[in-house]
Amino acid sequence: MKKKVEEIRFSAKPQAAFSEVKHRLPMLSLENGYHVQDVTDFDERTKKFLRDDTSIDYTVEPEIDGLAVELVYEKGALSVASTRGDGLVGKNVTPNIRTILSVPLTLIEPADGKPIPGLLEVRGEVYMETDAFETLNRDRIERGFPPFKNPRTAAADSLRQLDPRITAKRPLNMFCFGIGEMSGPKFSTQQELMIALQQWGFRVNRPYIRVCSTISEVIDYFHHLEETRDQLPFEIDGAVVKVNQLDLQAKLGQKSSSPRWTFALKFKKTEEEIP
Ligand code: IVH
């Protein structure tokens with residue numbers, strides 16, 4: 001059985017170079033700030049832009065410290081996986097992404113959920129859990145290789161290997177947090193979309209995604225994440241706040257490089273993190 005899984009997941013042959021992939025929709029960046037006032041300002045800006053008294057819910061979730069990737073599924077099968085690159089064009093890392101066991105190669109049709117879209121672009125963060133990172137570093141030191149500085153640099157090094165057999169030996173993981181293009185099913189909220197992604201087989205950070213109906217709830221959850229971040233199995237650098245209602249996300253649209261419906265409130269850097 002093990003052999004069969006490996007045959008499906010690992011293409012085994014090293015690539016000569018990474019080809020380029022143009023994202024159908026740009027992978028934008030995330031506006032951010034380090035002060036609670038910044039997220040309060042974001043809330044006020046958002047309400048002012050919508051110019052009515054629609055009540056807004058926000059989803060709040062940890063900002064995982066890893067690398068953004070996009071996975072393209074056609075008729076439920078993974079066809080291409082790419083890095084964010086400059087947001088317009090990324091590198092084709094499909095053979096490497098296929099080695100990550102939490103990335104589904106084919107999607108599951110739920111018995112009581114939305115059907116699998118013909119085209120689905122899923123975005124998320126590839127990262128390394130802290131324990132796995134420490135084990136990897138201990139092993140590297142024993143074998144005379146330099147240790148990685150942190151889980152993010154270890155994940156980045158693992159993803160940029162031309163030989164997927166090397167990537168397969170690295171303990172990479174992935175959380176999905178959004179979509180690019182999608183044909184077919186319609187959703188009303190970010191939360192519903194996350195539930196559908198999970199039903200289709202993606203790994204979603206559900207236990208840590210909160211829906212908040214006021215900005216003070218958002219701020220409370222941000223503080224909770226900040227206080228408990230050391231107990232999490234992965235490194236996080238803040239909280240990502242997203243307007244939950246997808247019709248409001250669409251009305252808000254985007255500025256030149258970032259959507260207006262999301263904001264990352266970052267933890268202040270500790271002394272060791274300041275370069
Ligand atoms: S949503 C417009 N959700 O953080 C981009 N991003 O600092 C929407 N990230 O480029 C991204 N965890 O790579 C989102 N839960 C999360 C995230 C997350 C980590 C990354 C993502 C983004 C970067 C910005």
Side-chain angles (χ1 to χ4, degrees), residues 23-34 38-39 42 45-46 58-71 81-91 93 97 100 102-103 121-130 150-153 155-156 159-160 172-182 187 189-191 193-195 197-198 202-212 218 221-222 224-226 229 232-246 248-250 252-269 273:
H23 304 299
R24 283 184 179 81
L25 294 176
M27 291 183 77
L28 300 173
S29 48
L30 197 48
E31 210 185 329
N32 67 64
Y34 286 86
D38 297 328
V39 83
F42 161 74
R45 247 186 347 264
T46 306
Y58 292 110
T59 61
V60 187
E61 62 198 279
E63 183 178 356
I64 308 290
D65 199 8
L67 299 104
V69 299
E70 178 172 74
L71 315 175
S82 56
T83 59
R84 176 177 183 275
D86 64 3
L88 299 175
V89 178
K91 300 277 185 232
V93 286
I97 291 287
I100 304 177
S102 48
V103 172
E121 297 181 330
V122 174
R123 290 165 178 189
E125 201 80 354
V126 168
Y127 71 98
M128 214 175 263
E129 294 212 334
T130 322
N150 54 48
R152 192 179 50 75
T153 51
L159 211 52
R160 62 165 173 259
L172 289 176
N173 219 326
M174 179 171 179
F175 273 128
C176 296
F177 54 62
I179 58 166
E181 258 190 26
M182 177 174 67
F187 296 93
T189 63
Q190 179 78 22
Q191 172 79 344
L193 176 64
M194 291 300 106
I195 293 169
L197 288 181
Q198 192 179 35
F202 296 98
R203 189 156 171 270
V204 169
N205 206 354
R206 285 263 317 273
Y208 294 101
I209 305 180
R210 285 274 165 89
V211 179
C212 300
V218 169
Y221 187 47
F222 166 78
H224 172 76
L225 286 174
E226 189 168 36
R229 66 189 286 204
L232 297 176
F234 39 76
E235 290 203 345
I236 66 172
D237 42 19
V240 183
V241 183
K242 298 170 187 169
V243 170
N244 191 29
Q245 295 96 328
L246 297 179
L248 300 184
Q249 287 190 8
L252 285 155
Q254 63 187 63
K255 295 186 281 188
S256 59
S257 63
S258 56
R260 282 195 196 85
W261 46 265
T262 179
F263 189 85
L265 184 56
K266 301 263 194 187
F267 303 136
K268 296 201 178 72
K269 290 205 188 308
E273 286 168 330

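Whatever order the structure lists them in is the order used to number ligands and atoms, beginning at 1.
The OG1 atom of Thr130 sits 11.0 Å away from the CE atom of Met128 when rounded to the nearest 0.5 Å.
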Between ligand 1 and the protein, which N/O pairs fall short of 3.5 Å?
residue  : atom   : partner : partner atom : Å
ligand 1 : 3 (N)  : Lys242  : NZ           : 3.1
ligand 1 : 4 (O)  : Glu63   : OE2          : 3.1
ligand 1 : 7 (O)  : Glu63   : OE2          : 2.6
ligand 1 : 12 (N) : Ile64   : N            : 3.0
ligand 1 : 13 (O) : Glu125  : OE1          : 2.6
ligand 1 : 15 (N) : Glu61   : OE1          : 3.0
ligand 1 : 15 (N) : Pro62   : O            : 3.2

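You'll find the side chain of Val211 stays beyond 4.5 Å of the side chain of Thr189, heavy atoms only. Between Leu232 and Tyr208, some side-chain heavy-atom pair lies under the 4.5 Å cut-off.
Legend: residues meeting side-chain hydrogen bond (donor to acceptor under 3.5 Å, both in side chains) with Gln249, ordered by chain and number and at least two apart, are Gln190.
Using a 30° and 60° split on the angle between ring planes, Phe234 and Tyr127 fall in the perpendicular class, above 60°.
Taking the charged nitrogens against the carboxylate oxygens, Lys242 and Glu61 do have a contact shorter than 4.0 Å, which makes a salt bridge.
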